[in-house]
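Step one of this worksheet: look at the structure below.
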Amino acid sequence: QLLADGSVDMVIPSGCRADNFLLGEHVKDIFQAEVDNDHALIFTLESIKANAPWIRRIYILQDPQCEAVWKAKIKRGIVPQPQKTKWIDKCSLFPHPSRANEMKERFRHEKTALQQLDETFPELGIYHQGHPSLVEQTMKPHRSERSKMRRQTVTLSEGPACPSRNVYAVQTVLHHIPGLAPRFLYANPGDLALKSTAIDTFFYGMKPRYPAGRGYDLYQNESIAQRLGQVGAIPRSLGQRDRRVWVPLTKRVAQRIEQRYPIWLSFVRSHRRGKYSSKVNSFGTPESERQNSKEESLQGVWWWYLTSHPHSGIRHHGKLFEERPLSDSDGWEQLLDDPDATVVTMASNGGPLGRTVAERRQLRHKLKGLITLEISSHGVPGESDVQDEEEEAAEEIMNDPEQQDAVTAIGRYLRSES
């Protein structure tokens, strides 16, 4: 039945400029920005429309405060295929005290795991990350607003790791997306299909393709790994982590990893304010942000699991999973002529294309011509369009009392933690 279905979905976790509201003024210059730079998300969606039309549904995962920004994009008509693109509040995917029996069970296990981890890593305050009642106590709303604030608090802290700036935490809950197809692709904003693709490009029947390689220890700091290993099993990782490629996966593989490494996944989810670095043993701090550690990237864990369980996937010996960045140079035409350059990334040395506004605008026009993308009926957005969209989205957030209260509450909570 699954083979006859043939459905494949796409999952894209994405930041937005509203994420800056989550940060205190004193840390905005330190934390790395996770925003939709240069309309990278729109380019990815357009490449799906042009070169992967067989994808059934596209899920965009964002923090709740990004919803107004997404609605602004829909309103302006710059989101391609809006009928098959669904915005998801990623906080709804994390374990939270819902009335649903399944979610109650997940939250109970998560709470127990966080308590165990908190005893092992008292310096990280892990249990505080996952206890909704502590969030409410931290905010201390005025008595006249207490009932209203309490309702907001339950919404804002639905997941122990949410709202989250850590994309690796989001990777742990992808398979809990309601209605997700048994087979799906994972991609980042700015990762583009440069050539026409088919389901067989990424899957062999129900089996996802994965690169060849061998397993490595997950954490650089052995003492951290030893302490964590006393609480639960730790997976390994395959070679280079966080490659900017489209990653094929199945819900079954993600579910088996969750069953085998539940404590470790809870540990990753608890790192809500940023990526964890075992070298400095912290997350969401200036030191950990400078490290920008990729230790907990689930991409390497997925591939290591498939290598360890070859019956679950098909090893690919080609160059499908080689990272191919679009540089600021004039070598883009060579990528078009390269038969192995299927997926490329707009990220250049960890940053957006171009060093100036004029360069970025020119490169976006060039990219449109190279891969024949048509950014809606408006063409490639100019810098004035970008600024107008940002201002419109920010205005919608500020004019919406619920959005503004939510943003204020989240910011106050994060500042108190910082």
Any residue meeting side-chain contact (heavy atoms from CB on, under 4.5 Å) with E123, in chain and number order, not counting sequence neighbours: F121, R227, N281
ring-ring contact (aromatic ring centres under 6.0 Å, His included) pairs, two or more places apart, involving residues 173-199: Y186-W302
W70 side chain reached by T85 side chain, heavy atoms, under 4.5 Å: yes
side-chain contact (heavy atoms from CB on, under 4.5 Å) partners of H309, counting only residues at least two apart: R260, Y305, H311, S312
Exam field: side chain D9 to backbone L180, donor-acceptor pair closer than 3.5 Å: no
Residue pairs, two or more places apart or on separate chains, that pass side-chain hydrogen bond (donor to acceptor under 3.5 Å, both in side chains) and touch residues 196-212: W54-T197
Heavy-atom side-chain proximity of K275 to E296 below 4.5 angstrom: no
4.5 Å side-chain heavy-atom contact, V247 and F321: no
Qualifying salt bridge (Lys or Arg N to Asp or Glu O under 4.0 Å) pairs, either residue in residues 190-199, two or more places apart: D191-R244
T342 side chain reached by L194 side chain, heavy atoms, under 4.5 Å: no
Side chain S92, main chain D89, donor-acceptor under 3.5 Å: yes
Non-hydrogen side-chain atoms of I12 and L45 separated by less than 4.5 Å: yes
Spatial distance of atom CZ (R290) from atom OG (S277) [nearest 0.5 Å]: 12.0 Å
With S278 via side-chain contact (heavy atoms from CB on, under 4.5 Å) - residues at least two apart: Y219, Q220, N221, I224, Y276, E295
Distance in Å, R273 CZ paired with E289 CD, rounded so as to fall on 0.5 Å steps: 10.0 Å
Within-4.5 Å side-chain heavy-atom neighbours: L298 and L174: no
Salt bridge (charged side-chain N to carboxylate O under 4.0 Å, His left out) against R256, all qualifying residues, sequence neighbours excluded: none
With sequence neighbours excluded, residues passing side-chain contact (heavy atoms from CB on, under 4.5 Å) with S237: L218, R241
N/O donor-acceptor pair under 3.5 Å between S47 side chain and T44 backbone: yes
Backbone N/O of K294 and side chain of D242: donor-acceptor pair under 3.5 Å: no
Closest heavy-atom pair and its distance - T172, A169: OG1-O, 2.6 Å
Salt bridge (Lys or Arg N to Asp or Glu O under 4.0 Å) contacts in which one or both residues fall within residues 300-313, not counting sequence neighbours: none
Short side-chain to backbone donor-acceptor contact, K279 and S293, under 3.5 Å: no
Test salt bridge (charged side-chain N to carboxylate O under 4.0 Å, His left out) applied to E119 - qualifying residues, sequence neighbours left out: none
E323 atom CD, over 12 foreign heavy atoms within 6.0 Å: yes
Heavy-atom side-chain contact between I60 and I58 under 4.5 Å: yes
For W304, all residues meeting ring pair (Phe, Tyr, Trp, His ring centres under 6.0 Å), sequence neighbours excluded: none
Set of salt bridge (charged side-chain N to carboxylate O under 4.0 Å, His left out) partners for D338, sequence neighbours left out: R324
Any donor-acceptor N/O pair, N166 side chain to H271 backbone, under 3.5 Å: yes
Check: L228 and T120 side chains under 4.5 Å, non-hydrogen atoms: no
Distance-only donor-acceptor check, side chains Q62 and W87, under 3.5 Å: yes
